[in-house]
Amino acid sequence: MASATVNWDPIDQTVLANEQVDSEGRSWRSGALVEKRKLRQWFLKITAYADQLLDDLPKLEGWPERVRTMQANWIGRSTGAELTFPVVDADGHDTAESITVFTTRPDTIFGASYVVLAPEHPLVARLTTADQAIHVEAFCDLVSRQSELERTADDKPKRGVAIGAQVRNPANGELIPLWIADYVLAEYGTGAVMGVPAHDQRDFVFARQYELPVRQVIIPEGSDEHAYEGGAWTEAGVLIHSGRFDGLPSVEAKTAITAAAEAEGWGQGKVQFRLRDWLISRQRYWGCPIPVIHCDSCGVVPVPVEQLPVELPRDVAFSGKGGSPLAQLESWWRVDCPCCGQPARRETDTMDTFMCSSWYFLRYSDPHNTALPFTREAVDSWLPVDQYVGGIEHAILHLLYSRFFTKVLRDRGLLSFDEPFQHLLTQGMVQGITYKNSHTGKYIAPADVADPSDPRDPVTGDPLETFYEKMSKSKYNGVDPAVVIDKYGADTARMFILFKAPPEKDLEWDDADVEGQFRFLQRLWRLVDGACQRGLSLADGAGDQAVVKQTLATAISSGGLNADEQDLRRAVHTAIKEISADLDGDYQFNTAVSELMKLSNAMASHLEGCSAPLACEALRTLVILLAPFAPHLAEELWLKLAGRSEQDPLVCRSVHCQAWPLLDAAALVRDTVELVIQVKGKVRGSLEVPADADKTTLEQLALASDIAAKWLEGKAPSRVIVVPGKLVNLVP
RNA sequence: GGGAGCGUGCCGGAAUUGGUAGACGGACUCGACUCAAAAUCGAGCGCCUUCGGGCAUGUGGGUUCGAGUCCCACCGCUCCCA
C-alpha cells in the first residue's frame, strides 16, 4: 500500500491503473478525462517482474510481432545512470541537500547547463528562494491543471521557472541554476533531469526559450562542430569540452563516465523502466474485496485464511454519489481485528477487474475443485493455453497482467510454466456501415438512408459520407447478428463472417455479402438434393475410403477413370488438402470457405458424369468438410444423403462424428500440365505437356513450339531456364 | 519525432513464399427462362490498342532469366509510444 498521485476517473468516481488511461488521457471504461489525485492505494509490484516480462517476449513466437513490440514499449527499459548534483548555498558551498537525476545520456554531463525538477518534487518548496517564491507557486498551480499529455507532447511549448537555487555539476564543478518545468514528471525516474540543450531536443527548445547556455560536448565523428540551427545533436559521436573524456566515442563514454561517477561517489549505473506498479484499488462495489483489515494498534492485518473469501454485502444501497458504497455500509466494514480483537475497519476498496481476468484461464483446468483454485497437477497438464483469441485492445492490459500472474504463481511453486499463452490471435472487429453528413457533422442511421447508392441526409438532402467504422451507438452503425440469424440462420451468419475477411482483420459488415453467402448454402442444398433425386446415397458407408479404393482398383483394369471422374477427384482432394492446411496453423477461414465454393462448383459441372462410388466420395467429402463451417446444414445434408438414417438412434453417426477426410495425393496428379513459355521473362503462350516430362524434354518441346519460332525469330536462345511442371523461360 | 504493420480491379480479398497477378465472392453488364419481376442458369468484367501487342500490384530506382513477393529511397494510411 502506498500513497501516490493516481489517475482519478471523475465519472466512475474511481482510480485507474496507468494501462487503463489512453493516449488522450481518457479512461478506458468511461471515456472521461482523467484527473490527478493524491491517495493511499493498493498496488501489485509488477515492476519486480519488469525484466522477465521484457526478456521473455522473444519466447512468444506464436504472438503477433506488433503485440510483442507494444509490450516492450510499455515496459520501456532504458539503461543509464543516476547522477547526483549537490545543492550549493549563496556562497557556492555544498549544502547537505542534493538532486539526483536519471539520464540515459551520462556521456553528455559536461554539457549540462541547468537541472530541472518536476514541479511536484518534494525539494521544490524547501529550495525555492524568497524572491522566486511567488513565481514558483503560480507556476506549480498552472501545471497542476495540465494533463500529462499537455505537459510532455513534443509540439507543446515547454514552460518553466528558475527557483533561485544552484547546484554543482559533479563532473566539472560548474555551478548551474535549478529550474522547475512542466515537461518533467514526478513519477518518471527521480523526478529530476539534467538539462543538456545541445544534445536533447526538449532541453534545446527549453534553453532557447529561456536563454540558457547551449554547450556542445559531442560532435559527429570525423566532422566539424555541429551548428545549432535545426536543433539538438542526439546521435552518437565523439566527446569534446569534457575534460579527461575528450576524444572518447560517446558510446564508450557512457560506461566510462558512469564508472567514474561510481568511483568518485556522485552517481551509479541504473536501469529505469517506464512500467509503474499496478494500482489495483478501485472505489467500486463490483469487484473482489481486498482482503485486509485496518486496526489502530496492529496496522494492516490480512484476513485469516479460514475467513476467506470476503464476500460482498447484499444489503448495499447505491446512492450514485461519489465513493464506494461499501465505505458507507458500516455493518459490513466494522469488524474485530483478527490479531487483537479490538474494533477495526475492513478495507472497502475492491480489486481492479483485471485481477480476476489475469488467472481465470487457470481455473478451467480444475473447475470442480472446491478447496483450491486449481491443483498443480491439473494446471500443468492442461496449460499453457495453445491458442488464445482476443482483441488487440488487450495487447498491454490483460495480456501483460496475465503474464505477470503466471510468473508470480510459478515462483510460488503453484505451476510450472513461464508463459500463459503460446499462440495469440488478435481478431479484428466488426465494422458497420456509417453515414455522416460532413456539413452538419451528424451521423445518419442506415434505416433513414433511402437510396444507399446515393446516400443523402433525409432532412437537409446533403450528400452523405459513407465509410465503415467500429460499431458505436452514437453513430447508428451497429449490426445485430440476431437479425441475420433470424432471417438466414446461424450457418449463413457464420459462413459470412468467416469468408468476408481473414480473422485478424476488421470485418466490414455488408448485407449484400450475407445474401451472397446464403445463396451459396442454398446452392449446396440443391446440389445434394439433385444427387439424392438421382438415387445417390451414403448409406452403408458408400463413398468412404475403402469403397473408393476398390472402385479405383477395378477402374484401372477396365480403362481407368473418365475425364469427369478425374477432374472431380482432383477437385475433391485439392479441397481436402487446402482446407486442412487452412484450419491448421494459421487460421485462414476465408480461403477455406472459398475452397468449399470451388469444390461445389466442380461438383456442379462433373458430378453427373461420374460413377456412383466417385460421386459419393465427393458428396461425403463435401459435407464433412462443410461441417465445421455450417454445422446445421451439414448435418441436414448428411441426413438427407442417408449417411445417418432418421430412425438411427446412434448419435455417433452424425456428420460431426465422422473422421476427417484423408488426402489421396495420387488424385492430385495430372497426366498433362500446362507449360508456360516465357521469352525473356514475358509470358508468350503455353503448351500442353506430359506431367512427368524431364527438363531436357521440356526444353526441347519449348524450343520446337510455334511460340519459340515466332518470338526467337530463328535464333537459338543464349540461356534456357526450365522449372518442371511450371514454365520454360527462353532468353535470347 | 521513434517503433510496428500495411498499400493488389469498382469493392472484400487470393497468389504453393522469387515462377502464368487478380483465385473465391460481391457489385455491375449482356443473354436464357418469365406476361413481368424475383429466384435460377449461361456469358462478360484491370487499363490502352492500329487487334500484332503494349501497360499494370502506392511512386522512383536496384538485384534477377524472372519481382506483388527481396534490397534502397520517397509518398500515403493504420496502430503503439512520445
Side-chain angles (χ1 to χ4, degrees), chain A residues 18-19 22-23 64-76 78 148-149 151-156 183 185 188 200-202 205 230-232 234 274-275 391-393 395-396 426 428-429 431 433 452-453 466-468 470 495-502 504-520 522-523 526 574-575 577-578 581-582 588-602 604-605 668 673-687 710-711 717-732:
Chain A
N18 278 6
E19 289 81 3
D22 69 17
S23 60
E65 180 67 34
R66 67 179 188 132
V67 174
R68 291 189 285 169
T69 309
M70 281 162 70
Q71 291 212 352
N73 287 343
W74 186 261
I75 296 165
S78 47
E148 194 166 308
L149 185 80
R151 287 176 56 170
T152 56
D154 274 348
D155 51 351
K156 295 280 189 310
Y183 71 97
L185 303 175
Y188 184 74
D200 181 279
Q201 187 59 28
R202 282 188 195 177
V205 172
T234 56
R274 220 186 72 88
L275 183 71
I392 189 68
E393 69 274 14
I396 36 191
T426 52
M429 281 183 294
Q431 301 189 315
I433 192 159
S453 62
T466 308
F467 48 94
Y468 284 90
K470 179 182 172 183
M495 291 284 283
F496 160 71
I497 291 168
L498 294 174
F499 179 63
K500 177 80 180 175
E504 65 280 2
K505 278 197 76 161
D506 286 339
L507 181 154
E508 297 176 357
W509 190 281
D510 180 350
D511 290 340
D513 287 335
V514 178
E515 187 76 40
Q517 211 46 241
F518 185 57
R519 286 205 294 260
F520 172 58
Q522 285 179 305
R523 211 151 50 229
R526 285 196 300 271
T574 303
K577 180 170 176 246
E578 298 297 330
D582 287 341
Q588 300 181 51
F589 304 123
N590 55 332
T591 50
V593 173
S594 91
E595 290 299 332
L596 284 171
M597 291 171 169
K598 285 185 200 173
L599 177 56
S600 134
N601 290 345
S605 20
L668 303 177
V673 292
E674 190 187 10
L675 182 75
V676 170
I677 309 297
Q678 294 185 337
V679 177
K680 218 182 150 201
K682 283 197 191 299
V683 178
R684 295 302 180 189
S686 63
L687 299 175
K710 178 179 173 190
W711 288 92
S718 63
R719 198 172 161 189
V720 179
I721 288 103
V722 182
V723 183
K726 292 232 190 292
L727 58 82
V728 173
N729 187 7
L730 306 171
V731 186

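Letters A, B, ... are given to chains in the order of the sequence lines, protein chains preceding strands, and every chain is numbered from 1.
Looking at heavy-atom distances under 4.0 Å, A:P64 makes no contact with the nucleic acid at all. In this structure, A:Q678 reaches the bases: a heavy-atom distance under 4.0 Å links it to at least one base atom across the strands shown. Residue-level contact check: A:K726 touches the bases, meaning some heavy atom is under 4.0 Å from a base atom. As judged by a 4.0 angstrom heavy-atom cut-off over every strand, A:V676 is placed among the base-contacting residues.
Within the 4.0 Å cut-off from OP1 or OP2 of B:G25, at least one side-chain nitrogen or oxygen of A:N601 is found. For B:A15, the OP1/OP2 oxygens have a side-chain nitrogen or oxygen of A:Q588 closer than 4.0 Å. Phosphate contact (OP1/OP2 of B:A14, side-chain N/O of A:N590, threshold under 4.0 Å): present.
Closest approach of A:A395 and A:Q71 over heavy atoms only: O-NE2, 2.9 Å. For the residue pair A:L727 and A:Q678, the shortest heavy atom distance occurs at CD2-NE2, 4.0 Å.
Set against B:G25, B:U20, B:G19, the side chain of A:I721 has B:G19 as its closest nucleotide. Looking at the side chain of A:R66, the nearest of the listed nucleotides B:G19, B:C24, B:C79 is B:C79. With distances taken from any side-chain atom of A:M597 to the nucleotides B:U20, B:C24, B:A4, the minimum falls on B:C24.
Syn is the glycosidic conformation of B:G52, whose angle stays within 90° of 0. With a glycosidic angle further than 90° from 0, B:U59 counts as anti. Look at B:G9: its glycosidic torsion is within 90° of 0, and that puts it in the syn range.
For the side-chain contact (heavy atoms from CB on, under 4.5 Å) test, residues two or more places apart in sequence or in another chain that qualify with A:A72 are A:L54, A:L57. Partners of A:Q522 by side-chain hydrogen bond (donor to acceptor under 3.5 Å, both in side chains), not counting sequence neighbours: none found. Under the side-chain hydrogen bond (donor to acceptor under 3.5 Å, both in side chains) criterion, A:D513 pairs with A:K500, sequence neighbours left out. For A:E508, the side-chain hydrogen bond (donor to acceptor under 3.5 Å, both in side chains) test picks out no residue, with sequence neighbours left out. Looking at residues two or more places apart in sequence or on another chain, you find no side-chain hydrogen bond (donor to acceptor under 3.5 Å, both in side chains) involving A:S605. Listed by chain and number, the residues in a side-chain contact (heavy atoms from CB on, under 4.5 Å) with A:D506 are A:M429, A:Q431 (sequence neighbours excluded). When the side-chain contact (heavy atoms from CB on, under 4.5 Å) test is applied to A:T69, the partners found at least two apart in sequence or on another chain are A:E65, A:N73. Residues passing the side-chain contact (heavy atoms from CB on, under 4.5 Å) test with A:I721 are A:R719, A:V723, A:N729, A:V731, sequence neighbours excluded.
Look at NZ on A:K682: it is 12 Å from C1' on B:A67, rounded to the nearest Å. In this structure, A:F518 places its CZ atom 12 Å from P of B:A39, rounding to the nearest Å. Look at CG on A:D582: it is 12 Å from P on B:U16, rounded to the nearest Å. Rounding to whole angstrom units, CG of residue A:N73 and P of B:G1 are separated by 17 Å.
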Exercise. Any chance you could list the contact pattern along nucleotides 40-53 of chain B? Use B for base contacts, S for sugar-phosphate-only contacts and - for none, protein heavy atoms under 4.0 Å, 5' to 3'.
Key: SS----------SS
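When the nearest nucleotides of RNA chain B are assigned to A:S594 and A:T591 by heavy-atom distance, the more 5′-ward of the two goes with A:T591. Of the residues near RNA chain B, A:E595 and A:L727, the one whose nearest nucleotide (by heavy atom distance) lies more toward the 5' end is A:L727.
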Mind listing the N/O atom pairs, protein and nucleotides 9-12 of chain B, below 3.5 Å?
residue	atom	partner	partner atom	Å
B:G12	O2'	A:K500	O	2.7

Pairs under 3.5 Å (N/O, protein and nucleotides 61-64 of chain B):
none

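For a distance-only test at 3.5 Å, the side chain of A:N729 qualifies as a donor-acceptor partner of the base of B:C65.
With a 3.5 Å limit on both pairing distances and Watson-Crick or G-U wobble geometry required, the stems of 3 or more pairs in RNA chain B span B:1-7 with B:75-81, B:10-12 with B:24-26, B:28-32 with B:40-44, B:46-48 with B:53-55, B:58-62 with B:70-74.
Using P as the reference atom, B:C47 and B:A56 are 16 Å apart when rounded to the nearest Å. Rounded to whole Å, the C1' atom of B:G53 lies 27 Å from the corresponding atom of B:G58. Going from the C1' atom of B:C11 to that of B:G22 covers 13 Å, rounded to whole Å. The C1' atoms of B:G19 and B:A38 are separated by 46 Å, rounded to the nearest whole Å.
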